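Quantities reported herein were computed from a predicted structural model and do not represent experimental measurements.
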Amino acid sequence: MSDEDDIDASRAPLLDHLIELRKRLLISMVTLAVLFCICLYFAEPIFGFLIRPLAAAGEKKVYYTELFEAFFVQLKVAFFAATVLSFPVVANQLWQFVAPGLYRKEKRALLPFLFATPILFTAGCAMAYYVAIPAAVHFLLGYQVKVGDVQQEALPRVGNYLTFVMQFLFGFGVSFLLPILMMLLERAGIVTLQQLARAWRYAIVGCFAIALVLAPPDAGSMVMLAMPLVGLYFLTLGAIWLTHRRQARTQAAEEAEELA
């Protein structure tokens, strides 16, 4: 069966597509809701895990200044954890909806990116949690000094700390998806390997600009995000080059078989 026959067989009326979309959205929403309830039950130990860098830096107390703040923090923790845990299911449902409209070659090309996305996002979150957040917390708590005759002391609020941690985790996780974005742009023909290689100086500046936005507030955190991004940029260039080389070998072998 040719690619054209493959995609023709998957065509369906608009109403069928809408019904299928509703089904995929319903499964995703139910999964998110179930995981939210489960994570809400375990919200306290989850937040305990997120607050470990603060405890490791010497802070033994966190505060809430509004009566409902601690409750809403637990809701945010549960929703954040449920969103992360439900991503594989949501991504699979999206794939199940989109895949019937793709050619076989397109499916084979996109599947590696589908599997690589959660791996790279998790790697970014891990680096944020184990490296960037402890360093940033230690740096910021270093401002607890005596200013004149007054002792300057940090009183971290639970809501502010959670926002701080989520910003780091999300920023590092999304930034580590840079290789996927680069390879998709190259596969789509928007940019070429030669263009990416020539623009390495601008890429380094761009990596530091991304880090400046996504990894506030101190220079150390910015550098800790920018350097891996620069490394990922050059690693992606190497991966694209190896892919082109393998494709060239495959094409040469196919041409040799046709001539033989």
Side-chain angles (χ1 to χ4, degrees), residues 28 32 35 39 46 49-53 76-77 79-95 98 109-139 161-188 190-191 193 195-197 199-243:
S28 300
L32 179 62
L35 288 174
C39 293
I46 294 173
F49 176 76
L50 296 176
I51 211 170
R52 281 182 186 175
K76 290 179 181 179
V77 168
F79 183 76
F80 179 72
T83 302
V84 173
L85 293 175
S86 65
F87 176 79
V89 176
V90 175
N92 180 65
Q93 294 303 313
L94 178 63
W95 174 256
V98 173
L110 288 177
L111 270 177
F113 298 110
L114 186 65
F115 287 111
T117 298
I119 295 174
L120 289 173
F121 186 86
T122 303
C125 290
M127 181 175 179
Y129 180 81
Y130 290 106
V131 179
I133 293 176
V137 169
H138 181 77
F139 171 79
Y161 177 77
L162 179 62
T163 302
F164 170 80
V165 171
M166 290 173 59
Q167 182 179 4
F168 265 84
L169 294 176
F170 182 78
F172 274 70
V174 171
S175 298
F176 270 56
L177 299 181
L178 174 65
I180 293 179
L181 175 61
M182 288 175 57
M183 297 189 78
L184 285 176
L185 291 175
E186 195 274 336
R187 289 278 182 93
I190 298 176
V191 294
L193 175 60
Q195 289 173 331
L196 291 172
W200 66 271
R201 296 179 181 84
Y202 302 102
I204 292 176
V205 175
C207 289
F208 276 89
I210 293 173
L212 180 63
V213 174
L214 295 180
D218 61 287
S221 300
M222 182 187 73
V223 173
M224 281 188 288
L225 176 55
M227 296 309 294
L229 288 181
V230 173
L232 287 172
Y233 183 86
F234 287 103
L235 285 175
T236 306
L237 291 180
I240 295 175
W241 179 79
L242 289 175
T243 301

**Student:** Any idea which heavy atoms bring Glu186 and Leu193 closest together, and the distance?
**Tutor:** CG-N, 4.2 Å

**Student:** For Pro134 and Ala128, which heavy atoms make the closest approach, and how far apart are they?
**Tutor:** CD-O, 4.0 Å

**Student:** So, taking the atom named CG in Leu185 and the one named CD1 in Ile190, what distance separates them when rounded to the nearest 0.5 Å?
**Tutor:** 5.0 Å

**Student:** If I take atom CE from residue Met127 and atom CD1 from residue Ile133, how far apart are they, to the nearest 0.5 angstrom?
**Tutor:** 11.5 Å

**Student:** Please enumerate all residues that pass side-chain contact (heavy atoms from CB on, under 4.5 Å) together with Leu85, with sequence neighbours excluded.
**Tutor:** Leu35, Cys39

**Student:** Sequence neighbours left out, what passes side-chain contact (heavy atoms from CB on, under 4.5 Å) with Val84? Give chain and number order.
**Tutor:** Phe80

**Student:** With sequence neighbours left out, what residues match Ala197 under side-chain contact (heavy atoms from CB on, under 4.5 Å)?
**Tutor:** none

**Student:** If the condition is side-chain contact (heavy atoms from CB on, under 4.5 Å), which residues does Val174 pass it with, not counting sequence neighbours?
**Tutor:** Phe121, Phe170

**Student:** CH2/Trp200 to SG/Cys207 distance, rounded to the nearest 0.5 angstrom?
**Tutor:** 12.0 Å

**Student:** Measure across Ile46 and Ala81 and return the closest heavy-atom pair with its distance rounded to 0.1 Å.
**Tutor:** CD1-CB, 4.0 Å

**Student:** Mind checking the CG-OG1 spacing from Leu181 to Thr117? Nearest 0.5 Å is all I need.
**Tutor:** 10.5 Å

**Student:** Find out whether Leu178 and Ile210 are in side-chain contact, i.e. whether some heavy atom of one side chain is under 4.5 Å from a heavy atom of the other.
**Tutor:** no

**Student:** Determine which pairs satisfy side chain to side chain donor-acceptor pair (under 3.5 Å) with at least one residue from residues 121-134, sequence neighbours left out, and list them in order.
**Tutor:** none

**Student:** In Å and rounded to the nearest 0.5 Å, what is the CG to CZ distance from Asn92 to Phe87?
**Tutor:** 11.0 Å

**Student:** Grab the two heavy atoms, one from Gly171 and one from Ser175, that are nearest each other, plus how far apart they are.
**Tutor:** O-OG, 2.7 Å

**Student:** Side-chain atoms of residues 226-241: list all donor-acceptor pairs with protein atoms under 3.5 Å, sequence neighbours left out, distances to 0.1 Å.
**Tutor:**
residue: Tyr233; atom: OH; partner: Leu196; partner atom: O; Å: 2.5
residue: Thr236; atom: OG1; partner: Leu232; partner atom: O; Å: 2.6

**Student:** Would you call the rings of Phe168 and Phe172 parallel, tilted or perpendicular, taking 30° and 60° as the class edges?
**Tutor:** parallel

